[in-house]
Amino acid sequence: MDTPLFQPIPGMVDLTAPEVLLWQHLEEQARQLLPLYGFSEIRTPALEYTPVFTRSLGETTDVVQKEMYTFADRGGRSLTLRPEGTAGVIRYAAGQGAAAEGARLYYLGPMFRCERPQAGRKRQFHQLGVESFGEPNPAADVEVIALQQHLFQSWGLHAFTIDINTRGLPEDRPAVTAGLAAAARPHLDALCADCRRRFDTNIFRLLDCKQAACRQVVDTLPDPASFMSAPSRVYLAEVVRLLQGLNLPVRVNPRLVRGLDYYIHTVWEIRHPALGAQDALSGGGRYRVTLDTKPFDGVGFAAGLERAVMAVQHDQPDRLAALQPPRPVWLVALGPAAREANLRLAQELRQGGCACGLDLGDRSLKAQLRAANRVGAAWAVLRGDRELAAGTATLKNLQDGTQVELPLADVVTKLNAVKGRGTTS
RNA sequence: GCGACCGUAGCUCAGUUGGUUAGAGCACCAGAUUGUGGAUCUGGGUGUCGCGGGUUCGAUCCCCGUCGGUCGCCCCA
């Protein structure tokens, strides 16, 4: 019954240096890239009325049925911590009416799903997503896929694969379900228990079962697209043609299945081999959400940042080390007068843009230099009563051990010039 | 919701077929002319062996429970 004093909730982590530097780097890259495509940021609340999610994602999806953090507020209204980003952005954009037509928004922030944590899956996780609103148009889908490829490239990723598929139009779904059921029914006995259940509940799920026996059966099934209407098939063909025109290395995978109900037409998934069992780096697709009988169309994707960080550490193992902040200057004081003077000096240096640190306690010179060494300082500034009286400071180069006593103003000038970086003047 | 594995120092981990003072590396602290760091040297173990109970002359080790962690299933980013 011990309440953990020092641990966060399972599946939620404290993200700190050095790893957080890599997060910041990926975020900066994204914020630089997305405006090139005309996307601007939206920050929606983390908490929404529960129906915002249930009506968009589909009542029967796993996310809605068993993964949401849902609770009642003091007035008894049902609230939910967002399990994904699209529903909230649609809630906003639909509320803007016609002004939202063609809007391009991106979001970046924490999402929450009450699942069992494992590698690459947290209960509080982070997604970067984009939404491009407007009528279905293969070019819009292709542009978003290209953006994603560009983004991952800017992160230094290269080992990923892009699979696309089509879900067709909503009105095709009965025919596809019936067609798949007819083809699979003779093989029911060969399927695993899960798949026998899926046969009735959601036959599409057969397609991505990992069991070897089920895969054998699935390989004999016809392409679901073969049961779709001509417009659905033409749409996919056009997407593929445009992707080829951009030389994007995309594979059409008829067995790709996505979990949310709102998808129509194009869906895709980007996978990376370094991610373990949860190998989807991002997923996306075209969607249609009906609000108040009015259809709301868009295309977008969401990328898992935890997974992106893992992938970058795999593809660019040296990236993190290159992000270390500049080595600071360390101010060393001998005696209380110098300590107080150093506090002022530190502020002066920092105002000038020079990173520095200092010992706030009453420690020996030896201990202070050891501390300077520990933080990787390139320079130490030493001051005691002697320097204070003379208006000087001793500037020590911690790389080669040389030191020189200079007027304080010269030391400040010099350090501001190097801004705390390592190399000698 | 289900399953597997793990829990010993600040960190990474060894260890005891059940036995007396629980170990290593790294990290950390201290080294006396009270103004000089790093590499080396000397000294220092900093611990509720996750917690509770059971078996036993004796438990860190075996058993049960519990808490925590990791990975996997389901599903997803």
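Just so you know, these numbers use all the heavy atoms, side chains as well, and skip hydrogens, waters and symmetry mates. Numbers restart at 1 for each chain; the letters A, B, ... are given by sequence-line order, proteins then strands.
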To the nearest angstrom, the NZ-P distance between A:K366 and B:U36 comes to 8 Å
By the definition side chain to side chain contact (heavy atoms under 4.5 Å, CB included), identify the one residue from A:I162, A:D163, A:L256 that meets it with A:R251. A:D163
Can you check the distance between B:G7 and B:C74, where both ends of the measurement are the C1' atom (answer in whole Å)? 27 Å
Would you call A:D200 and A:R197 a salt bridge, using N to O less than 4.0 angstrom? no
Under 4.0 Å: is that the gap between some side-chain N or O of A:R271 and OP1 or OP2 of B:C76? no
Distance-minimising heavy-atom pair for A:S232 and A:L169: OG-N, 3.0 Å
Side-chain N or O of A:R198 less than 4.0 angstrom from OP1 or OP2 on B:C75? yes
Check whether any side-chain N or O of A:K210 sits under 4.0 Å from OP1 or OP2 of B:G72, and answer yes or no. no
Under the ring-ring contact (aromatic ring centres under 6.0 Å, His included) rule, what do A:H25 and A:W155 come out as? Steps first, then yes or no, please. CA-CA 9 Å; A:H25 175 67; A:W155 284 347; 9.2 Å; no
Can we say A:D219 and A:R255 salt-bridge, meaning some charged N sits less than 4.0 Å from an Asp/Glu carboxylate O? yes
How many Å lie between CZ on A:R123 and P on B:G68, as a whole number? 10 Å
A:R339 atom CZ is separated from B:G35 atom P, nearest whole Å, by 14 Å
Work out how far the C1' atom of B:C62 is from that of B:C2, and round it to whole angstrom. 28 Å
Does the side chain of A:Q399 get closer than 4.0 angstrom to OP1 or OP2 of B:G37 through an N or O atom? no
Report yes or no: is there a donor-acceptor pair, N or O only, under 3.5 Å between the side chain of A:R121 and the base of B:C75? yes
Would you please indicate yes or no on a ring centroid separation below 6.0 angstrom for A:Y37 and A:H150? yes
Contacts of A:G276 and A:L305 projected onto RNA chain B by closest heavy atom; the upstream (5') one is A:G276
Minimum-distance pair of heavy atoms, taken over all atoms of A:T80 and A:P83: CG2-CD, 4.4 Å
Could you tell me whether A:G401 contacts a base, only the sugar-phosphate backbone, or nothing, with contacts defined as non-hydrogen atoms closer than 4.0 Å? base
Any N or O donor-acceptor pair under 3.5 Å from the base of B:G35 to the side chain of A:E387? yes
Can you tell me which nucleotide in B:A77, B:G37, B:C29 comes closest to the side chain of A:R374? B:C29
May I ask you to decide whether A:R123 forms a salt bridge with A:E67, counting only side-chain N to carboxylate O separations under 4.0 Å? no
Closest nucleotide among B:C71, B:G35, B:C75 to the A:E67 side chain: B:C75
Using a 4.0 Å heavy-atom cut-off, does A:P83 contact any base of the nucleic acid, only the sugar-phosphate backbone, or nothing at all? nothing
Mind checking A:R386 for me? I need base, sugar-phosphate or nothing, with any heavy atom below 4.0 Å counting as a touch. base
Run the salt-bridge test on A:E269 and A:R271 with the 4.0 Å N-O cut-off and return the result as yes or no. yes
Sugar-phosphate only, base, or nothing, as touched by A:E306 at under 4.0 Å among non-hydrogen atoms: nothing
What distance, rounded to whole Å, do you find between the two P atoms, one in B:A24 and one in B:G45? 11 Å
If I pick the C1' atom on B:A9 and the same atom on B:U60, what distance separates them, to the nearest angstrom? 14 Å
Using the C1' atom as the reference point in each nucleotide, state the distance between B:A4 and B:A77 in Å, no decimals. 25 Å
Comparing A:R113 and A:G384 on RNA chain B - which has the more 5′ nearest nucleotide: A:G384
Whole-Å gap separating P (B:G35) and CG (A:L365): 8 Å
For A:R370, report the nucleic acid contact type (base, sugar-phosphate, nothing); a contact means any heavy atom under 4.0 Å. sugar-phosphate
Expressed as a whole number of angstroms, how long is the span from A:D400:CG to B:U36:P? 18 Å
Same-atom distance (C1') from B:U46 to B:G10, integer angstrom: 9 Å
Among B:C29, B:C75, B:G37, the one nearest any side-chain atom of A:R205 is B:C75
Between B:C26 and B:U33 - C1' atom distance, rounded Å: 34 Å
Crowding at CD, A:E27 (>12 non-hydrogen neighbours, <6.0 Å): yes
In this structure, which stretches of RNA chain B are paired as stems of three or more consecutive Watson-Crick or G-U pairs, both distances less than 3.5 Å? B:1-7 with B:67-73, B:10-13 with B:23-26, B:28-31 with B:41-44, B:50-54 with B:62-66
If you check the A:D194 side chain, which of B:A77, B:G35, B:C74 turns out closest? B:C74
Between protein and nucleotides 42-45 of chain B, what N or O pairs are separated by less than 3.5 Å?
none

If every non-hydrogen atom of A:G284 is compared with every non-hydrogen atom of A:Y263, which pair is closest and at what distance? C-CE2, 3.8 Å
Please confirm whether any donor atom in the side chain of A:R307 sits under 3.5 Å from an acceptor in the base of B:C76, or the reverse. yes
So, does the side chain of A:Q118 form a donor-acceptor pair with the base of B:U70 at under 3.5 Å? no
For atom C1', what is the distance between B:A14 and B:G47, given to the nearest Å? 15 Å
N-O pairing of A:R82 and A:E48 below 4.0 Å: no
A:Y287 ring center within less than 6.0 Å of A:Y262 ring center: yes
Taking the side chain of A:R116 as heavy atoms from C-beta outward, which of B:G35, B:G1, B:U36 is closest to it? B:G1
Gap between atoms CE and P, on A:M310 and B:A77 respectively (whole Å): 14 Å
Within this structure, what is the CZ-to-C1' distance between A:R363 and B:G35, rounded to whole angstrom? 16 Å
Which is true for A:E115 with a 4.0 Å heavy-atom rule: it touches a base, it touches only sugar-phosphate, or it touches nothing? base
What does A:A372 touch in the nucleic acid at a heavy-atom separation under 4.0 angstrom: a base, only the sugar-phosphate, or nothing? nothing
What integer distance in Å separates A:F160:CZ from B:A77:P? 18 Å
